[in-house]
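Taking it in order: structure first as structure tokens, then the write-up.
These numbers come from a predicted model, not from an experiment. Protein chains get the first letters and strands the later ones, always in sequence-line order, with residue 1 at the start of each.
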Number of protein chains: 2
Amino acid sequence: MIYSTELLKGTLKTIVLKLLSDNKRMYGYEITQKVKELTLDKIQITEGALYPTLHALEDDGLVTTESEFIGKRVRKYYALSPSGKTKTKEKVNELADFMSTMKFLLDIKTKTA
Amino acid sequence: MIYSTELLKGTLKTIVLKLLSDNKRMYGYEITQKVKELTLDKIQITEGALYPTLHALEDDGLVTTESEFIGKRVRKYYALSPSGKTKTKEKVNELADFMSTMKFLLDIKTKTA
DNA sequence: CTCTTATACATAAGAAAATTATGTATCTTT
DNA sequence: AAAGATACATAATTTTCTTATGTATAAGAG
């Protein structure tokens, strides 16, 4: 199963922050591959979505960056800033809570009282 | 906690279909109140989001409608069509699967191997 | 009896967050 | 030498909401 595209909406930022909280630093392409691997290809982050998101996180001061040359090619590493760590906890908690709520909604039989 | 608005994106249609699968028929306002009640005010479906979604479901043949007068006011009931019932199962399964995947992503410690 | 709040529908303008398409360039494998 | 993988980036477009606005009836409070 590959999820219909609309499901990912709203969760991308949280996924990226969570990965960065578990890994000291990661670069964009690495993030796409890690998510693909961890979700058994169910979630494929597109580059057109990822890079603007990373830039937004940087603009918001939630991540810091370091560019390094690997051979002749630039690789841009992202790491959480202190405020990014705080934000990550908030976002992860919120998403976990939301998923509990959604699970409840999907499981119950809402026979009108 | 009230969820940040972007989280609901992509899940609204599935929520509506699920509610209709548990109740023979519902009208728009009733759906907003039911979701509010079931989620303890955590999810507030706005009318600007709901009515276009209901119309889209109707255009896609997933729901049928019946308009009734309650006093002088029209109330429009929505009910799943046969194809809507099939679609609901698919969407609910997909969302449940997605939530499992997300839960996994958020819980693990993804130390790079 | 009048005002406010709730019920009940609807649409339009705008914003947010993705997809899809495109571009550049290097590295690795066949 | 070509193809596919790695690695970044941005622009045009689409999807899906929010916010604002509009109309109208019903119910409850003061």
Side-chain angles (χ1 to χ4, degrees), chain A residues 2-17 25-37 41-60 62-63 65-78 91 94-95 98 102 112, chain B residues 2-17 25-37 41 43-60 62-63 65-78 91 95 98 102 112:
Chain A
I2 294 173
Y3 303 124
S4 51
T5 58
E6 75 265 18
L7 281 183
L8 196 63
K9 282 177 195 272
T11 63
L12 179 56
K13 191 179 288 183
T14 305
I15 291 174
V16 170
L17 288 173
R25 59 178 202 166
M26 295 182 86
Y27 55 96
Y29 187 77
E30 186 185 14
I31 291 173
T32 66
Q33 297 308 301
K34 195 73 185 172
V35 170
K36 185 166 138 73
E37 172 202 331
D41 292 15
K42 287 178 181 176
I43 296 179
Q44 277 275 31
I45 295 180
T46 60
E47 295 176 291
L50 179 64
Y51 290 113
T53 294
L54 287 171
H55 300 161
L57 291 174
E58 191 177 5
D59 291 344
D60 291 343
L62 300 175
V63 298
T65 64
E66 295 173 307
S67 289
E68 287 182 17
F69 276 95
I70 306 295
K72 288 177 182 171
R73 199 159 49 184
V74 172
R75 182 181 287 176
K76 196 167 168 187
Y77 282 99
Y78 292 83
K91 295 291 265 179
E94 186 192 20
L95 185 49
F98 177 73
M102 285 303 300
T112 344
Chain B
I2 295 174
Y3 305 124
S4 51
T5 58
E6 75 264 19
L7 280 184
L8 196 65
K9 281 181 195 269
T11 63
L12 178 58
K13 192 180 288 186
T14 305
I15 291 173
V16 170
L17 288 173
R25 60 178 202 168
M26 295 183 88
Y27 54 97
Y29 187 77
E30 185 185 13
I31 291 172
T32 66
Q33 297 307 303
K34 195 72 186 173
V35 169
K36 184 165 140 70
E37 171 202 331
D41 292 14
I43 296 180
Q44 276 275 32
I45 296 180
T46 60
E47 294 176 290
L50 179 63
Y51 290 114
T53 295
L54 287 172
H55 299 162
L57 291 175
E58 191 178 6
D59 290 345
D60 290 344
L62 300 175
V63 298
T65 63
E66 293 172 309
S67 289
E68 288 182 17
F69 275 96
I70 305 296
K72 287 176 181 171
R73 200 157 50 184
V74 171
R75 183 181 287 173
K76 196 167 168 188
Y77 282 98
Y78 291 83
K91 294 293 262 179
L95 184 50
F98 177 72
M102 286 303 301
T112 344

Worksheet item: Taking atom types as they are modelled, is there a donor-acceptor pair under 3.5 Å from the base of C/dT7 to the side chain of B/Arg75?
Response: no
Item to complete: Figure out the CD/P separation between B/Glu68 and C/dT7, and round it to whole Å.
Response: 19 Å
Item to complete: To the nearest Å, give me how far apart CD (B/Glu66) and C1' (C/dA8) are.
Response: 17 Å
Discussion item. Base, sugar-phosphate or nothing for B/Gly71? Non-hydrogen atoms, less than 4.0 Å.
Written reply: sugar-phosphate
Practice prompt. Could you state the atom-to-atom distance from CD1 of B/Ile45 to C1' of D/dT16 in whole Å?
Written response: 14 Å
Item to complete: Assign A/Lys9 to base, sugar-phosphate, or nothing according to its heavy-atom contacts below 4.0 angstrom with the strands shown.
Response: base
Worksheet item: More 5' along DNA chain C: B/Tyr51 or A/Pro52, using each one's nearest nucleotide?
Response: B/Tyr51
Worksheet entry | Inter-residue atom distance B/Leu17.CG - B/Lys91.NZ, 0.5 Å rounding | 8.0 Å
Practice prompt. State which of C/dA18, C/dT26, D/dC17 makes the closest approach to the side chain of B/Leu12.
Written response: D/dC17
Worksheet item: If you take all heavy atoms of A/Lys76 and A/Tyr27, which pair is closest and at what distance?
Response: O-CB, 3.1 Å
Worksheet, complete the sentence: Between B/Pro52 and B/Glu47, the two heavy atoms sitting closest are CD-O, 3.8 Å
Discussion item. Expressed as a whole number of angstroms, how long is the span from B/Tyr27:OH to C/dT7:C1'?
Written reply: 8 Å
Worksheet entry | Non-hydrogen atoms of A/Glu30 and A/Arg25 that approach each other most closely | OE1-O, 4.2 Å
Response to the item:
Note: for B/Gly28 and A/Ala49 on DNA chain C, the residue whose nearest nucleotide lies more 5' is B/Gly28
Fill in: B/His55 NE2 - C/dC9 C1' separation (whole Å)
8 Å
Worksheet item: If you measure from CD1 on B/Ile15 to CD1 on B/Ile31, what distance do you get to the nearest 0.5 Å?
Response: 11.0 Å
Item to complete: Starting from C1' on D/dA27, measure out to CD1 on B/Ile70 and report it in whole angstrom.
Response: 15 Å
Worksheet item: Base, sugar-phosphate, or nothing for A/Lys13, non-hydrogen atoms under 4.0 angstrom?
Response: nothing
Fill in: Nucleotide D/dT25, atom P - distance to OH of B/Tyr29 in whole Å
17 Å
Item to complete: Could you check which of D/dC8, D/dC17, D/dT18 has an atom nearest any side-chain atom of B/Thr53?
Response: D/dC17
Item to complete: Using atom NZ of B/Lys34 as one end and atom P of C/dA6 as the other, report the distance to the nearest whole Å.
Response: 19 Å
